Amino acid sequence: MTPTPDPILTLAPDAGSAASARKLATPARWPDLHAGPTHLWGHCQGSGAQPYLTGVDRSGPDAPAFKCSCPSRKFPCKHALALLLLHEAHPQHFGTDPAPDAIRTWLDGRAAKHAPPDPSPADTDPAGETRSGPDPAAQARRRAAREKKVSLGLDALQTFLKDLVRDGLAQAAARPYSDWDTQAARLVDAQAPGAARLVRMIPEVLPHPDRLLAHLARLYLLTEAWPRRDTLTAPQQADLRAALGFPLDRAATVAAGGTDTRWLILGHTVSDEEHVRTRRTWLHEGGTTALLLDFAAPGWPLPPPLPAGGSVRARLSPAPGTVPQRHVLDGEATSSAPAPLPTPVTLDGLLDAHGAALALNPWLDRTAHHLGPVTVHPPTRDGDPWRAGDARGSLPLGGSDTARLTLLALGGGHPQTFTAEWDGQRLTPLCAGQDGTLHPLHDPEDEYGV
Amino acid sequence: MASDLPALLSAALIGTERAPLPTPGPDATGQAAARITRDDSEGTLLARAALLTLAATAGRQPDPPAPVPTPAPTDPRPEAPDRAARHLPHLGGPLLHEWLTLCHKHGYRVPALHLPRLLTLATQDRSLRVPLARVLGERGRWLAHHADSPALAHADAPDEATWAALSDTDRDTLHRVLRALNPDAARHLLRTHFDTERATSRKRLLSAVLETLRDADHTLDPLLEGALDDRSPDVQTLARQILQRLPRSAMNARLAGALHDPGTPPSPRDGLSGGPQARLGHVLRHTHTDALLRATPGGPTALITLARDHHLLDDLVAGTLTHRHQPLAQALLPHAPTPALRALADPTRTLRDGLTARDPDLILAALTHLPTPWTPDDSHAILTLLQDTLRHVDHPYQWPQRWRTLHDHAHHLHPDTTPPPLLPPDAPHHAQSVWHDLMDTLDTRRQIQHDFKEHP
């Protein structure tokens with residue numbers, strides 16, 4: 001993967017490191033700059049007598065990896081970030097000298113670590129199946145125990161939802177916050193974190209009765225579907241399990257096969273919930289729009305993002321489900337020639353596609369699209385939403401002020417195209433289309449605040 | 001929304017304990033809902049709601065069309081080239097100022113992609129507003145209107161309603177922007193609105209005039225004469241200061257008339273109060289030097305003699321410095337060889353003397369009167385001296401404050417300055433850090449200049 005300068009700075013452990021890296025990203029500070037096929041190295045004149053030796057390895061599943069002789073306890077340090085920035089902005093300043101021993105040893109160690117292990121004859125039977133796998137009986141017992149817990153939790157949730165409707169939703173706003181928290185906590189204990197997340201979202205929709213009823217009905221649907229799960233098809237069961245928050249079996253998903261091709265990154269959004277930060281990255285290839293999810297605990301950075309608006313070569317495997325939306329990245333994404341933009345859809349086309357997906361998976365949160373030509377409409381009165389409109393009508397436009405203004409600036413009040421996420425309520429713009437390419441609209445600084 | 005949903009929502013809000021389940025309608029979704037029944041009415045309501053709300057979401061139509069915005073006018077100026085614009089996301093402070101100035105100088109406007117960030121920065125940093133306004137272009141002004149930056153949305157005097165809708169701060173910004181972009185419109189705006197503004201706004205408007213005074217502002221003389229009688233003492237003071245700085249103002253003519261007429265009565269309106277000596281001191285200190293010399297047939301020598309005879313040489317020196325009158329400064333130098341007067345009289349020589357004597361006061365005084373950026377030779381000499389004073393500094397406060405002040409002006413160094421050799425490796429950490437930052441900034445400035453020059 002070859003990140004563009006702003007995504008590089010999202011690797012910074014804090015805003016200060018990012019700012020320092022920007023300052024250091026000037027060839028004047030680097031007496032030596034060299035690049036190999038998969039690595040960079042250089043000497044940076046720091047505050048000490050000897051320049052720091054800095055290296056970046058851009059290969060391996062955890063790429064980029066960093067090494068620096070500076071005493072900084074931040075990781076990656078400003079020198080390593082600056083080295084990446086420099087290579088982006090000034091590749092002509094890089095020579096091809098072989099790396100010094102310290103860097104070479106480190107690179108070799110990493111290469112050895114990531115080399116595929118030799119299969120050990122002791123662990124493999126003649127049929128090629130692993131002997132030391134998990135015990136299927138124990139697995140079945142664990143699965144049954146979990147399902148029992150989920151059943152008990154969803155029964156209690158159903159009773160709670162019915163109580164709400166019996167008392168009247170008009171009374172719901174008067175309930176203390178602890179009611180929702182308690183219900184959510186019970187669902188976490190019942191190992192249904194997806195349902196718990198939906199319960200935690202109830203206070204957000206309390207002021208909107210129509211959205212409140214739709215939200216509760218969606219939760220109720222979970223409680224009705226779970227006891228009938230055996231009547232559902234395998235993809236429908238996968239949808240249900242995903243909505244309840246069952247973890248995805250990544251290994252099985254990857255093993256089921258994927259598509260190794262060139263993907264266009266439509267953009268990404270980052271959202272914070274109570275205990276987790278989630279980044280949704282949308283990619284497109286042919287007729288498929290794929291979603292990659294990354295998570296980070298509070299205080300921890302998200303993994304390096306794919307370059308919004310850019311293209312990568314990657315193998316993506318679809319998670320099971322009726323709508324092949326969520327995918328898993330198998331291995332690493334590498335830079336690629338620009339992929340063509342998908343044909344943009346009208347607002348009608350967007351709503352049709354979203355409706356068709358919902359008809360298959362009623363718990364689907366959102367879909368992503370390349371939209372246009374549409375015109376961005378700033379509000380004409382205080383309190384009105386921004387809108388994206390075409391000849392047929394308009395839809396509310398969410399996202400940050402900066403993203404909307406950037407769209408407006410690029411369009412100048414004329415029809416334009418952009419990529420956006422649609423959650424049934426509003427569009428969140430991701431990238432603006434201009435001259436056949438996509439420009440990211442999100443603010444990279446958003447990702448520093450972990 | 002499906003036709004049965006409002007009734008279902010109404011029942012849900014009231015509660016099934018008090019409201020009966022609504023009868024499903026005859027349409028397709030209604031009939032589908034009718035087939036859903038559960039053991040209790042709450043379950044039935046929630047299950048039917050699941051069907052109807054999902055159907056409503058899946059079958060959603062676009063909302064009615066929104067009012068189409070007026071498109072941005074066509075821009076006559078091209079956007080700054082990508083090569084120059086690539087620096088923008090990383091710039092702030094003096095470097096951003098320099099970028100905007102170069103953009104204007106080379107006849108470009110800010111690329112649309114960068115407008116939102118710059119408009120946001122300008123809301124936080126008022127010093128950015130005028131340089132940004134020069135390169136907003138039509139697209140930027142159009143965007144400013146939608147970005148809650150109304151003061152940057154105009155290149156001409158706005159109509160009554162627009163002006164009335166602006167806050168005092170926005171009026172001040174708009175006035176300053178117009179003074180830079182369209183000075184005639186700014187003066188027209190002042191004449192139209194000054195009398196009806198609140199005192200705080202009148203004060204801001206006159207402060208802007210004082211800070212950006214030019215010869216054409218003589219046409220504001222009647223307005224400023226009126227402001228001498230303003231209800232606000234602050235406004236009176238500002239009007240007086242402006243009139244004193246306009247060499248051909250009626251006030252300067254009155255004050256210069258008092259120079260050789262001890263019988264001139266006190267005039268608090270013109271700042272003339274106290275006894276004859278105090279009034280003469282005021283005339284020498286505040287009257288524009290051109291006006292004083294016009295009223296003194298003997299020229300600078302006679303004026304200096306008059307001031308010296310009345311022991312008012314300090315007032316004349318102060319006035320000369322205020323009005324930056326170089327010939328009078330040269331004439332005054334033998335009588336009062338202060339660093340400030342030396343710098344005004346001959347800035348180039350004073351700078352040379354300051355560099356030789358390693359005297360930061362003399363250097364700073366001289367630089368006040370030299371055009372920016374400083375010449376490459378001067379810049380090299382200043383940089384060499386700064387490096388020398390920095391050589392052993394390992395803490396910010398170990399570096400004398402006057403040198404730090406000179407360092408604060410480093411954005412005036414010529415970007416093509418030949419830098420001195422690197423600091424020796426054993427220089428302290430702080431010295432290395434300051435020096436590297438200085439070199440980095442110079443390097444970035446050089447690149448920006450180069451990137452603009454490559455696209456003449």
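Values in this document were obtained by computation on a predicted structure and should not be read as measured data. Keep in mind that the numbers below use all heavy atoms, side chains included, and drop hydrogens, waters and symmetry copies. Proteins get letters first, then strands, A, B, ... in listed order; numbering begins at 1 in each.
Across all their heavy atoms, B/Ala66 and A/Ser394 have their closest contact at N-OG, 3.9 Å. Nearest heavy atom pair, residue B/Pro69 against residue A/His377, reads CD-ND1, 3.5 Å. Nearest heavy-atom pair across B/Asp440 and A/Arg29 is OD2-NH1, 2.8 Å. Residues B/Pro62 and A/Arg392 approach most closely at CD-NH2, 4.2 Å, considering heavy atoms.
Against chain B, the residues from residues 353-362 of chain A that qualify, each with a non-hydrogen atom under 4.5 angstrom away, are A/Gly355, A/Leu358, A/Pro362 in number order.
Put simply, the side chain of A/Asp401 does not reach to within 4.5 Å of the side chain of B/Asp148, judged on heavy atoms. Residues A/Pro27 and B/Asp443 have side chains in contact (heavy-atom distance under 4.5 Å, counting atoms from C-beta outward).
The CG atom of A/Asp163 sits 9.5 Å away from the OG1 atom of B/Thr16 when rounded to the nearest 0.5 Å. In this structure, CG in A/Leu405 is found 9.5 Å from NE2 in B/His146, a value given to the nearest 0.5 Å. Rounded to the nearest 0.5 angstrom, A/Thr26 OG1 and B/His436 NE2 are separated by 11.5 Å. With rounding to the nearest 0.5 angstrom, the CG atom of A/Leu213 is 7.0 Å from the CG atom of B/Leu46. Atom CD in A/Gln45 sits 6.5 Å away from atom CG in B/Leu422 (nearest 0.5 Å). Note that the OG1 atom of B/Thr57 and the CG atom of A/Leu351 stand 10.5 Å from one another [nearest 0.5 Å].
Between chain B and the residues A/His414, A/Glu224, A/Gln158, the most heavy-atom pairs under 4.5 angstrom are made by A/Glu224. Highest contact tally toward chain A, considering only B/Ala49, B/Ala12, B/Ala72, is held by B/Ala12 [criterion: heavy-atom pairs under 4.5 Å]. The candidate from B/Ser41, B/Gly59, B/Gly43 with the greatest count of non-hydrogen atom pairs under 4.5 Å with chain A is B/Gly43. Chosen from A/Pro379, A/Ala172, A/Gly412, the residue pairing most often with chain B at heavy-atom distances under 4.5 Å is A/Gly412. Among the candidates B/Pro116, B/Ala11, B/Ala50, B/Ala19, the residue making the largest number of heavy-atom pairs closer than 4.5 Å to chain A is B/Pro116.
Of the two parts of A/Leu161, the backbone and the side chain both hold a non-hydrogen atom closer than 4.5 Å to a non-hydrogen atom of chain B. Residue B/Arg48: no heavy atom, backbone or side chain, is found under 4.5 Å from chain A. Looking at B/Leu113, both its backbone and its side chain come within 4.5 Å of chain A, counting heavy atoms on both sides. Within the 4.5 angstrom heavy-atom criterion, no atom of B/Glu138 approaches chain A. Looking at A/Thr406, both its backbone and its side chain come within 4.5 Å of chain B, counting heavy atoms on both sides. Contact of B/Asp437 with chain A is made through backbone and side chain together, with heavy-atom distances under 4.5 Å. Residue contact with chain B, scored on non-hydrogen atoms closer than 4.5 Å, involves the backbone and the side chain of A/Leu410 alike. With a 4.5 angstrom heavy-atom cutoff, A/Arg166 touches chain B via backbone and side-chain atoms both. Using a 4.5 Å cut-off between heavy atoms, A/Trp363 makes no contact with chain B at all. The part of B/Arg38 that comes within reach of chain A is its side chain, from C-beta onward, which places non-hydrogen atoms under 4.5 angstrom from that chain. When heavy atoms are compared at a cutoff of 4.5 Å, A/Pro378 approaches chain B solely by way of its side chain, counted from C-beta outward.
Applying the ring-ring contact (aromatic ring centres under 6.0 Å, His included) test to B/His380 and every residue at least two apart in sequence or in another chain returns nothing.
Shown here is B/His411, whose NE2 atom has more than 12 heavy atoms of other residues, nucleotides or ligands within 6.0 Å. More than 12 heavy atoms of other residues, nucleotides or ligands sit less than 6.0 Å from atom CG of A/Asp365.
One N or O on the side chain of B/Arg60 and one on the backbone of A/Gly424 form a donor-acceptor pair closer than 3.5 Å. Looking only at distances, a side-chain donor or acceptor of B/Arg18 sits under 3.5 Å from a matching main-chain atom of A/Asp167.
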